[in-house]
Chemist: 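One structure, as structure tokens, below. Some questions next.
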There are 2 protein chains.
Amino acid sequence: MVVSVQTALPDFDPLFAALADHTRRDIVRRAISAEEGVLELAGHYPMSFAAVQKHVAVLERAGLITKRRVGRRRVVRTNLEALLVARRLLDQYEELWRARIDRMNELIAETAGAIDTGAKKESQR
Amino acid sequence: MVVSVQTALPDFDPLFAALADHTRRDIVRRAISAEEGVLELAGHYPMSFAAVQKHVAVLERAGLITKRRVGRRRVVRTNLEALLVARRLLDQYEELWRARIDRMNELIAETAGAIDTGAKKESQR
DNA sequence: AACTTATACAACCATATGGTTGTATCAGTG
DNA sequence: CACTGATACAACCATATGGTTGTATAAGTT
């Protein structure tokens, strides 16, 4: 059984960059459920085979897809793990956001007693 | 109370592109909890103020941050909604992935009776 | 009003990106 | 082995990106 112990700190730059293109996102989406080769994928887009092949290469370098030989084709499959890596970062941001709201609420609670006692003007350097 | 009814189909390209840069992700992270102006933000990075200002502009165009005047400064705040838009897309992909696994499992169950009845060689065009 | 602080923006440069066409490689098939 | 199908990759081009410096504007401060 294969258990990758924990891939080193992920390189988010190529990951998000790969997702920043409509064609590539569509390839990712297709490659989740389908089992298409590069040529078949290329059929879906209004550009040359070579262009699509380059998009696939970008996705592969970003770790978002993998290819395996099936006959003469190289079948493209989306790598869930990479999607999760990206999602986890966004989750982390969301968590930070919640933490901030919590802190603000605490602050409001603490300050509640001071309402209408004159603490109004805010210093702004 | 302000309730944006539903922003039109989100433009993922600038959103993910904005996240595809380490400096910009760091600005987003900082702007979640801090209340810094552009000049203060610039202090954290080894580049000119103008460079940081351009990064902030990219983030603003992508909808990831907003600025509001506080005194003479323009304080930068992360926009949670944009983060959620990005996360939702990744959630959708994950969901597609789960659906695929489910379908595969169903297929395996259906085919289970046919085991050892000779259905082995797989056509591959 | 003059000065200072904070921000914006234009012009410029080097490199990266997204597309093209053409050529090379590589695995099945007759 | 020759042929075809599928992929890879190099070379090229136009535009975008990430950085720089310099100048302009806008809001507080004295």
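A, B, ... follow the sequence lines: proteins, then strands. Residue 1 opens every chain.
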Chemist: Distance check needed: dG28(D) P versus Arg73(B) CZ, whole Å only.
Modeler: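 Nearest whole value for this atom pair: 12 Å.
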Chemist: Choosing from dT29(C), dA8(D), dT7(C), which nucleotide comes nearest the side chain of Arg72(A)?
Modeler: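 Output: dT29(C).
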Chemist: Starting from P on dA8(D), measure out to CD on Glu60(A) and report it in whole angstrom.
Modeler: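 Taking atom P of dA8(D) as the reference, CD of Glu60(A) is at 7 Å.
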Chemist: Between Asp102(A) and Arg98(A), does any side-chain N to carboxylate O distance fall below 4.0 Å?
Modeler: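 Looking at Asp102(A) and Arg98(A), the cut-off is not met.
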Chemist: Quick check for you: to the nearest 0.5 Å, what is the distance between Arg88(B) atom CZ and Leu83(B) atom CG?
Modeler: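 Nearest 0.5 Å value for the CZ-CG distance: 10.5 Å.
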Chemist: Nearest whole angstrom, please: distance from the P of dT25(C) to the CZ of Arg69(A).
Modeler: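 Those two atoms, CZ and P, are 15 Å apart.
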Chemist: Rounded to the nearest Å, what distance is computed from the CG atom of residue Leu39(A) to the C1' atom of nucleotide dA6(D)?
Modeler: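 Result: 6 Å.
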Chemist: Distances under 3.5 Å between protein N/O atoms and the N/O atoms of nucleotides 16-21 of chain D, please, pair by pair.
Modeler:
residue	atom	partner	partner atom	Å
dG18(D)	OP1	Arg24(B)	NH2	3.2
dG18(D)	OP2	Arg24(B)	NH1	3.1
dG19(D)	OP2	His55(B)	NE2	2.1
dG19(D)	N7	Lys54(B)	NZ	2.9
dG19(D)	O6	Lys54(B)	NZ	2.3
dT20(D)	OP1	Ser48(B)	N	3.3
dT20(D)	OP2	Ser48(B)	N	2.9
dT20(D)	OP2	Ser48(B)	OG	2.5

Chemist: Atom CD of Glu40(B) and atom C1' of dT5(C): how far apart are they, to the nearest Å?
Modeler: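 After rounding, the gap between these two atoms is 11 Å.
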Chemist: Answer yes or no: does a side-chain N or O of Gln53(A) lie under 4.0 Å from OP1 or OP2 of dT7(D)?
Modeler: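 No.
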Chemist: Looking at Glu35(B) and Arg100(A), is any side-chain nitrogen of the basic one under 4.0 Å from a carboxylate oxygen of the acidic one?
Modeler: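 Answer for the salt bridge query: yes.
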Chemist: Does Arg29(A) reach the side chain of Leu89(B), with side-chain heavy atoms less than 4.5 Å apart?
Modeler: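 No, every pair of side-chain atoms sits at 4.5 Å or beyond.
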Chemist: Could you check whether any side-chain N or O of Arg24(A) sits under 3.5 Å from a backbone N or O of Leu19(A), counting only pairs where one atom can act as donor and the other as acceptor?
Modeler: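 No; zero donor-acceptor contacts below 3.5 Å.
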Chemist: Where the side chain of Tyr93(A) meets the backbone of Arg25(B), is there a donor-acceptor pair that is under 3.5 Å apart?
Modeler: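 Yes, because the side chain of Tyr93(A) sits within donor-acceptor range (under 3.5 Å) of the backbone of Arg25(B).
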